[in-house]
Structure formats: structure tokens, C-alpha cells
There are 2 protein chains.
Amino acid sequence: MKLKELAEQLGLSQTTVSRALNGYPEVNEATRERVNKAALKFGYSANANARRLAMGRVGAIGIVVPIHSSERFGPHTSEFLSGLAERLSRDEIDFLITPLINNDEISAYKRLISSKRVDAMIVSHPSLVDERVAMLAEAQFPFVLHGRTNIDTPHAWLDIDNKGAFYQATSHLLDLGHKHIAMIDGLKGFTFSEHREEGYRDALTERGISIDPNFIVHDCFSDEIGFRETQRFLSLKPHPTAILAGSMMTALGVSRAIRAKGYQLGKEVSIIAHDDVFPYLNASNMVPAMTTTRSSIRSAGTRIAEMLVRLLDGEPPETIHEVWPVELILRQSSGPPVIPAK
Amino acid sequence: MKLKELAEQLGLSQTTVSRALNGYPEVNEATRERVNKAALKFGYSANANARRLAMGRVGAIGIVVPIHSSERFGPHTSEFLSGLAERLSRDEIDFLITPLINNDEISAYKRLISSKRVDAMIVSHPSLVDERVAMLAEAQFPFVLHGRTNIDTPHAWLDIDNKGAFYQATSHLLDLGHKHIAMIDGLKGFTFSEHREEGYRDALTERGISIDPNFIVHDCFSDEIGFRETQRFLSLKPHPTAILAGSMMTALGVSRAIRAKGYQLGKEVSIIAHDDVFPYLNASNMVPAMTTTRSSIRSAGTRIAEMLVRLLDGEPPETIHEVWPVELILRQSSGPPVIPAK
DNA sequence: CTGTTAGCGCATTCAT
DNA sequence: ATGAATGCGCTAACAG
């Protein structure tokens with residue numbers, strides 16, 4: 001069923017039917033009523049492509065997801081997308097996921113723009129100097145960045161205080177008396193990863209503790225990495241008495257390795273994990289309950305969707321940015337170091 | 001830059017340029033070369049909406065994701081989407097995710113069809129009698145079902161042998177000497193959940209073991225549910241000496257509860273989990289390594305994308321369906337029951 | 001091999 | 001308050 005047919009059925013012009021359906025004020029209420037009823041009855045719904053072609057606006061936002069590295073389409077991504085979806089569905093905005101196999105991200109973004117398939121985009125996982133952001137900002141294409149990057153051109157972004165999170169966590173461990181603290185975080189090059197390491201380093205340096213490169217790991221967020229690297233840590237002399245884990249997945253592996261060694265969490269070895277708040281993996285329910293730096297990635301998604309809508313409503317990008325604080329939540333996996341019984 | 005402008009630049013007609021770009025055979029190779037080079041130079045890329053309007057084909061497939069239940073947009077979904085993406089990106093097919101807040105799924109599907117935004121759809125999480133499937137099959141709209149349902153109208157689908165998986169797992173535990181076996185699986189009503197329970201029941205019945213409704217749980221897949229329900233199990237007399245977990249998330253919670261009670265996995269209480277194969281959560285790396293029924297949900301996604309492409313190429317839906325076997329992989333979390341030391 | 005012409009289905013001027 | 005006419009940018013018959 002198309003507009004023309006619907007109009008014929010009703011004995012009205014396409015124009016009037018179109019106006020009635022799109023809520024234009026100059027339509028007689030009775031007519032509108034009649035039109036709406038008929039549309040419902042015939043299951044009419046405008047051809048989105050024709051509509052977009054005519055209006056020049058799409059009603060969809062784009063997101064480019066590299067799919068070969070599990071790092072980028074794992075549980076974090078799905079939680080984030082859920083958050084986005086929650087807000088966007090209210091305005092009936094779809095999102096278009098463009099999978100990316102090779103590494104030519106820039107051209108994927110460019111194609112998405114020039115083919116006019118989306119009104120705006122969301123960019124995730126920025127590096128310190130991110131060429132995607134530079135390009136989009138330069139092109140003045142509306143987008144919101146999840147994370148931060150050092151690009152001068154004004155753009156909208158939302159980030160959490162990753163540096164503060166690891167600074168807080170490290171400082172807390174130092175307060176408890178730990179001298180040897182390790183960290184396992186995400187891949188090097190990403191801003192969040194660099195920021196976290198900065199926080200960690202600052203806290204140590206502030207107390208005059210030298211930094212041991214053997215205690216710093218950057219890799220994917222997974223149970224396996226957590227396990228393997230913790231085993232390595234525990235074979236060192238002296239070994240760390242506390243470990244920061246960049247994700248809950250990592251933390252699971254770290255925990256296993258600690259237990260496998262016969263140590264107790266929060267005793268011989270403490271652990272603080274960054275918790276992005278997964279509904280299916282709850283830090284407070286673990287045994288022992290896990291001390292975490294917490295910030296909901298899902299909420300971030302929702303908020304970013306909100307920012308996107310503001311951007312599309314014409315708000316200038318330079319006024320749209322936020323840094324979210326991260327809470328340190330003390331539970332039982334962190335405590336003063338206990339000397340292992342020989 | 002639009003087609004017209006590009007054509008003017010080249011001193012050619014729009015038609016020729018269009019044909020050159022779209023790989024039509026009747027174009028002079030030299031001309032094609034020239035056109036392609038110019039397109040690249042000017043960053044031209046066709047307006048997707050105009051293109052779709054003219055062609056009547058979209059180059060995108062749709063997927064409706066209910067977002068309020070974490071059950072439906074969790075790690076399983078993201079792995080599945082990754083798999084889809086892997087195959088679809090080869091044909092430059094995007095996917096459109098339509099978030100769904102209220103429960104009116106049917107009308108969301110109908111709108112997606114009549115607005116011509118997608119060429120085909122993927123339907124997940126069917127119930128035994130699924131009205132979405134009935135509607136789509138009736139409307140002869142191309143779609144592939146992930147899972148199975150009892151609908152007569154021919155349609156394409158891919159499912160794993162859920163019944164066989166739980167049958168195998170249960171039988172194995174019975175072979176080991178277990179008499180009291182519990183299961184924690186997904187929400188009731190979904191086909192996969194029902195099939196699994198069937199497999200479980202069949203195995204027990206076959207050995208003349210009566211079924212205790214207290215030993216059967218249907219709920220979301222999460223660490224928390226696994227933990228809570230296992231605590232409940234272990235407070236029963238007699239309590240189960242083996243537990244089937246419907247997901248790895250559930251299994252994490254089950255494991256914790258077993259350990260919290262002072263039992264060892266594979267000794268006092270055995271566990272077999274269904275493993276959808278998450279890259280960040282590896283059953284063989286757990287301590288003890290986890291016995292699983294394994295079937296990669298990501299591969300299923302890739303295969304379903306493949307089926308979708310065949311469907312769009314005109315293959316009739318009734319010839320497109322597969323049941324994948326599920327492997328039982330024995331590791332250390334399952335063993336003969338050990339009587340707890342008092 | 002290339003160009004001319006006519007839609008694809010809708011939103012939107014400009015009339016009335 | 002309603003209708004007729006125009007164009008969004010592209011593809012595909014139809015001609016040559």
C-alpha cells in the first residue's frame with residue numbers, strides 16, 4: 001500500500017493524507033482522524049527510502065564496529081548498545097551497524113556519510129589522537145564520541161574518569177599497605193587505557209614507589225588473559241600483593257589464578273576490578289564480594305543517545321561534553337596484605 | 001557530490017557513470033576506469049536512499065531486539081551479531097537493529113516490512129508457537145529463524161540440538177552414578193528452553209528416575225540466578241549432586257555457590273554447562289576445567305547470514321534449514337558423586 | 001558502447 | 001483546509 005492508493009481510497013489528495021499522517025496543524029481534525037484510521041486499517045506505513053530521499057533526513061544513526069577483535073564487539077559493546085537503544089527507540093531512531101573486517105575504518109566512516117544512510121554517528125574506543133574523530137569533526141558531520149581524544153576541532157563527547165578510577169583504586173591499595181601492585185588493562189593506544197595507566201602511575205609516584213614494567217599488562221579483556229598474566233605475576237619475586245583488573249572478565253581470570261595458587265582474595269592477594277556493570281555478572285554477589293571502580297557503560301550509552309538527539313536538534317557540539325566520575329566501592333576482595341603461610 | 005555532478009565533470013551521461021560504477025558489463029573498460037578514478041577522487045558514493053528507492057532493494061537486513069530484558073541483549077546477542085556481521089559485511093549488507101521497548105513485537109515487524117527498510121529479517125528466541133514467525137511466513141517476507149518453532153508455513157531456520165545436548169549431559173551424569181540432578185536453564189516458553197528440559201526429562205525417565213520439580217529452574221541467564229538457585233538446591237535434602245547450567249554466566253554463579261558451601265566442583269557436586277563459546281570466557285581454562293555441551297553461537301550467526309543471502313538469491317525457504325549437533329566435552333567439573341565429609 | 005527519458009514514493013512549495 | 005505540481009538522486013527501459 002502506498003500513499004497514492006491510500007489517498008484514492010479516502011478520496012483525498014496525497015498531500016492531505018501526507019500532512020494528516022505527519023501531524024501538520026493545518027489539517028481538519030475529522031479528516032486526520034479518518035486518515036489515521038484508514039492507515040491503521042490498511043497497515044500503511046510510508047516507504048522509508050522515499051521519505052528520506054524527499055526529506056533529506058534519515059532517522060537512523062550509524063555505528064562502525066570492527067568485528068575481528070573480540071575486544072570491540074564483546075559484552076561491553078552489547079551493554080553500550082542496549083543503553084543507546086533504550087533512548088533512541090523513544091524517538092524511533094534506528095541504528096545501523098556497519099561491520100568492518102579490514103582495518104580501513106576511515107573509509108567506512110566516509111562512505112557512511114556520503115551515502116547519506118545515517119543522520120549522525122557514534123564513535124567508540126578513541127585513541128589519544130584519533131583520525132576518525134579528526135575527520136568527522138572536520139567534515140562537520142554530527143557525532144558523539146564515547147571516550148576522549150586530543151583533537152582541537154570542537155566535538156561532542158562523553159567519557160568516564162578513567163584516570164581517577166585507577167588513581168583511587170591504587171591509592172586505596174597503598175593505604176592498605178600494599179607495596180607491589182600490578183595492573184591488567186585494555187590494549188595500549190586507546191585513551192581509556194592510557195588514562196588508567198596514568199592514574200596508576202600517579203598514585204605510585206606520589207608515594208615514592210617505583211614503577212615495575214613487569215607489573216603492567218595491556219591486552220584484551222578476557223578471563224584467559226587475566227588468568228595467564230596473574231600466574232606470571234605470582235611467579236615473580238617479589239610478586240604483587242594486589243592487582244587491578246580492567247574489566248570483570250579479566251577479574252574472573254585473576255581470581256581463578258589467585259585461588260589456584262592457594263591464596264585467598266583480599267588476603268594474600270587483593271584485587272580491585274573495574275566494573276562496567278553487567279546485569280549478568282554482579283560484583284557484590286561474588287565470593288568474596290569484589291571491590292570495584294564502578295561506572296555503568298549502559299547508562300553511558302543512554303546518555304550519549306541523549307546527546308545525539310540534542311546535537312540533531314541543533315545544539316552546538318562544543319557545549320556537549322561530560323566526564324563521569326567513577327565510584328570506588330569497597331568490598332571484600334581488597335584488604336591489607338597478608339604474608340603467605342609457608 | 002551527486003551523480004549528476006560527477007557525470008558533468010566527466011563529460012558523460014548519468015547513465016553511463018551509474019553503469020560503470022555498478023559494474024554493468026556493457027561499459028567500455030577505459031571509461032569504467034576513468035569513472036572509478038573520478039569517483040574515488042571526489043569521494044563520491046551514491047545516495048543510498050535514492051538508490052534504494054529506484055531499485056526497490058535495500059541492502060540491509062533487520063533484527064528486532066527487545067531491550068528491557070537483559071536475557072535478550074546480553075552476551076549471547078552480541079556474539080550472534082558478531083557472527084552475522086562477519087558474513088554480511090562481505091556482501092556489504094548492513095543490519096538495522098530496531099530496539100523494542102514495549103512488547104508489541106508483531107507491529108514492530110510489520111512496520112519494518114511495510115516501510116521497506118530491510119530486505120529480510122532475522123528472528124531469534126522463538127517460542128513453541130511463535131506468532132512472529134507465523135506472520136512473516138504468511139506475508140512471504142524473507143527471514144531466517146534462529147531456533148525452531150511449530151509453524152506449518154515453510155520458512156528457513158537454523159537450530160542446534162538443544163534436546164540432544166541436555167539428554168547427553170544428563171545421561172553422562174547418570175552414567176557417573178548421580179541420582180539427583182538439577183537444571184537451571186533459560187526462561188520458560190522459549191523453544192530452546194523447552195527442548196532442553198525434554199532432553200533432561202527423557203534421560204531421567206529412561207533410567208526410571210522420577211523428576212523433582214524443585215530441581216528444575218527456568219530464569220534469566222546470569223551469575224546471580226546461578227548462585228541463588230544453587231544455594232537453594234544445596235539446602236534441600238537430598239540435594240542435587242550434579243547441576244546442568246544453561247549458560248556460562250549461570251555456571252559461574254553455580255560454581256561460586258558450590259565452592260561457598262565448601263564443596264569441590266566435580267567431587268561433591270558436578271556441573272555441566274552449556275557453552276555458547278565466548279571468546280572472553282573459556283571453559284577449558286577454568287579451574288577445574290568445565291565440562292560443557294558446546295555449540296558456537298557466533299558460528300550460528302555466520303551460517304544464518306549465509307542462509308539469508310541464499311534466500312535473497314531466490315532459493316526457496318523450505319529447502320533451507322539445519323540442526324546442528326552439540327558436542328559434549330568432558331573436562332574436570334563432572335565426576336562420580338563424592339559423599340561430603342561431615 | 002552511450003545517451004534520453006521515465007519513474008521509484010514521498011514531502012513540500014505554491015495556489016486556491 | 002485542501003489540491004496540483006515539482007523535485008529529492010538514482011536506476012532501468014528504450015533508443016540509437
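Computation of the quantities below employed the complete heavy-atom set of this structure, encompassing side-chain atoms and omitting hydrogens, waters and symmetry-equivalent molecules. Chain A is the first sequence line, chain B the second, and so forth, proteins listed ahead of strands; every chain is numbered from 1. Only a predicted model underlies this, so the values are computations on that prediction, with no experimental measurement involved.
When each of B:Val27 and A:Leu3 is assigned the nucleotide of DNA chain C bearing its nearest heavy atom, the one mapping closer to the 5' terminus is B:Val27. Nearest-nucleotide assignment on DNA chain C puts the 5′-proximal partner with B:Gln14, out of B:Leu53 and B:Gln14.
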Run the salt bridge (charged side-chain N to carboxylate O under 4.0 Å, His left out) check on B:Glu306 and B:Arg303 step by step: do they pass? CA-CA 5 Å; B:Glu306 181 70 42; B:Arg303 183 64 176 168; 5.4 Å; no
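With no hydrogens or angles considered, a side-chain donor-acceptor pair links B:Arg117 and B:Ser115 at under 3.5 Å.
Judged by distance alone, with hydrogens and angles left aside, B:Arg52 brings no side-chain donor or acceptor close enough to the base of D:dG9 to form a pair under 3.5 Å. Between the side chain of A:Thr15 and the base of C:dT12, at least one donor-acceptor pair of N or O atoms lies under 3.5 Å.
Comparing atom distances between the B:Ser13 side chain and each of C:dT4, D:dC10, C:dC10 picks out C:dT4 as nearest. In the set C:dC10, D:dC10, C:dT2, C:dT2 carries the atom at the smallest distance from any side-chain atom of B:Thr16.
Per the geometry, CG belonging to B:Asn49 stands 13 Å off P belonging to C:dA11, to the nearest Å. The CG-P distance, from B:Leu12 to C:dT4, rounds to 11 Å in whole Å.
Surrounding CD of B:Glu5 are more than 12 heavy atoms belonging to other residues, nucleotides or ligands, all under 6.0 Å away.
Contact annotation for B:Asn22: backbone-only contact, meaning every heavy-atom pair under 4.0 Å involves sugar-phosphate atoms and none involves a base.
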